[in-house]
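The analysis underlying the following values was restricted to heavy atoms, covering all of them including side chains, and did not include hydrogens, waters or symmetry mates.
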Amino acid sequence: MPLEIASGATTHRFTVEVARTREEQATGLMHRQSLAPDRGMVFPFANPRIASFWMKDTLIPLDIIFIRADGSITNIENAVPLSLEPVVSYEDVTAVLEIPGGRAAELGIKPGDTVKWSIPK
């Protein structure tokens, strides 16, 4: 599914998988050996909540981007492969986006930027 992040005058485009079910959200990007620079996974939530992720079985570094109901980014956290330390949103969010580690900084993506996507039915 296409996903865009508007950062100032620049739009960054990604192709993402959608983790719709509890099982898909629990598995996420675990056990993957690589992730292309323009790929990722989005985790939509039915209700806003504080989100917490860990990297126990995730082999690649990720940027975890926490997204408010209005699509704006609240915080971006660097997640370390195989870590048991939780990576947490600072406030209630309605989605989380995972992209390759370091990619947000490389592209200049920051809190306040806007994420847009449309989940196919």
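- With respect to L59, the side chain to side chain contact (heavy atoms under 4.5 Å, CB included) criterion is satisfied by exactly one of L29, L82, L35: L82.
- Here CZ of R49 is found 10.0 Å from CG of D92. Values are rounded to the nearest 0.5 Å.
- Taking CD from E85 and OG from S52, the interatomic distance works out to 10.0 Å, rounded to the nearest 0.5 Å.
- Looking at V87 and W54, their side chains never come closer than 4.5 Å, going by heavy atoms from C-beta outward.
- The distance from atom CZ of R103 to atom CD1 of I109, rounded to the nearest 0.5 Å, is 7.5 Å.
- Of all heavy-atom pairs spanning N75 and S89, the tightest one is OD1-CA, 3.6 Å.
- Nearest heavy-atom pair, A51 versus V93, reported as atom, atom and distance to 0.1 Å: CB-CG2, 3.8 Å.
- E24 is linked by a salt bridge (charged side-chain N to carboxylate O under 4.0 Å, His left out) to nothing, counting only residues two or more places apart in sequence or in another chain.
- To the nearest 0.5 Å, atom CZ of residue F43 and atom CD1 of residue I67 are 11.0 Å apart.
- Looking only at distances, a side-chain donor or acceptor of S7 sits under 3.5 Å from a matching main-chain atom of G108.
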side-chain contact (heavy atoms from CB on, under 4.5 Å) evaluation trace for V42 with W117: CA-CA 9 Å; V42 66; W117 75 92; 4.0 Å; yes

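- Between the side chain of D63 and the main chain of A104, a donor-acceptor pair closer than 3.5 Å is present.
- Put simply, the side chain of S72 never gets that close to the backbone of R68: no donor and acceptor are under 3.5 Å apart.
- T15 places none of its side-chain heavy atoms less than 4.5 Å from the side chain of P2.
- Here the side chain of E77 pairs no donor or acceptor atom with the backbone of I64 at under 3.5 angstrom.
- In this structure, the side chains of H12 and T10 come closer than 4.5 Å at one or more pairs of heavy atoms.
- Between F45 and F53, the ring planes lie tilted relative to each other; the angle falls in the 30° to 60° range.
- Between R32 and E98 there is no salt bridge, since no side-chain nitrogen of the basic residue lies less than 4.0 Å from a carboxylate oxygen of the acidic one.
- Cluster annotation: V115 and L107 are assigned to the same hydrophobic cluster (Ile/Leu/Val/Met/Phe/Trp/Tyr, side-chain heavy-atom contacts under 4.5 Å, transitive).
- Think of V88 as one node in a network of Ile, Leu, Val, Met, Phe, Trp and Tyr side chains linked at under 4.5 Å; its network also takes in I50.
- Closest approach of P100 and P37 over heavy atoms only: CG-CA, 3.9 Å.
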Go through it in stages, so that I can follow the logic: the residues are E17 and M1, the test is side-chain contact (heavy atoms from CB on, under 4.5 Å), and I'd like the CA-CA distance, side-chain angles, deciding distance and then a yes or no. CA-CA 6 Å; E17 298 172 52; M1 171 186 81; over 6 Å; no

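- Taking the side chain as every heavy atom from C-beta outward, R13 and L3 never approach each other to under 4.5 Å.
- With values rounded to the nearest 0.5 angstrom, I73 atom CD1 is found 5.0 Å from I5 atom CD1.
- Residues M55 and L62 have side chains in contact (heavy-atom distance under 4.5 Å, counting atoms from C-beta outward).
- I65 contributes atom CD1, which lies 12.0 Å from atom NZ of K110 (distance to the nearest 0.5 angstrom).
- No side-chain N or O of E4 forms a donor-acceptor pair with one of T11 less than 3.5 Å apart.
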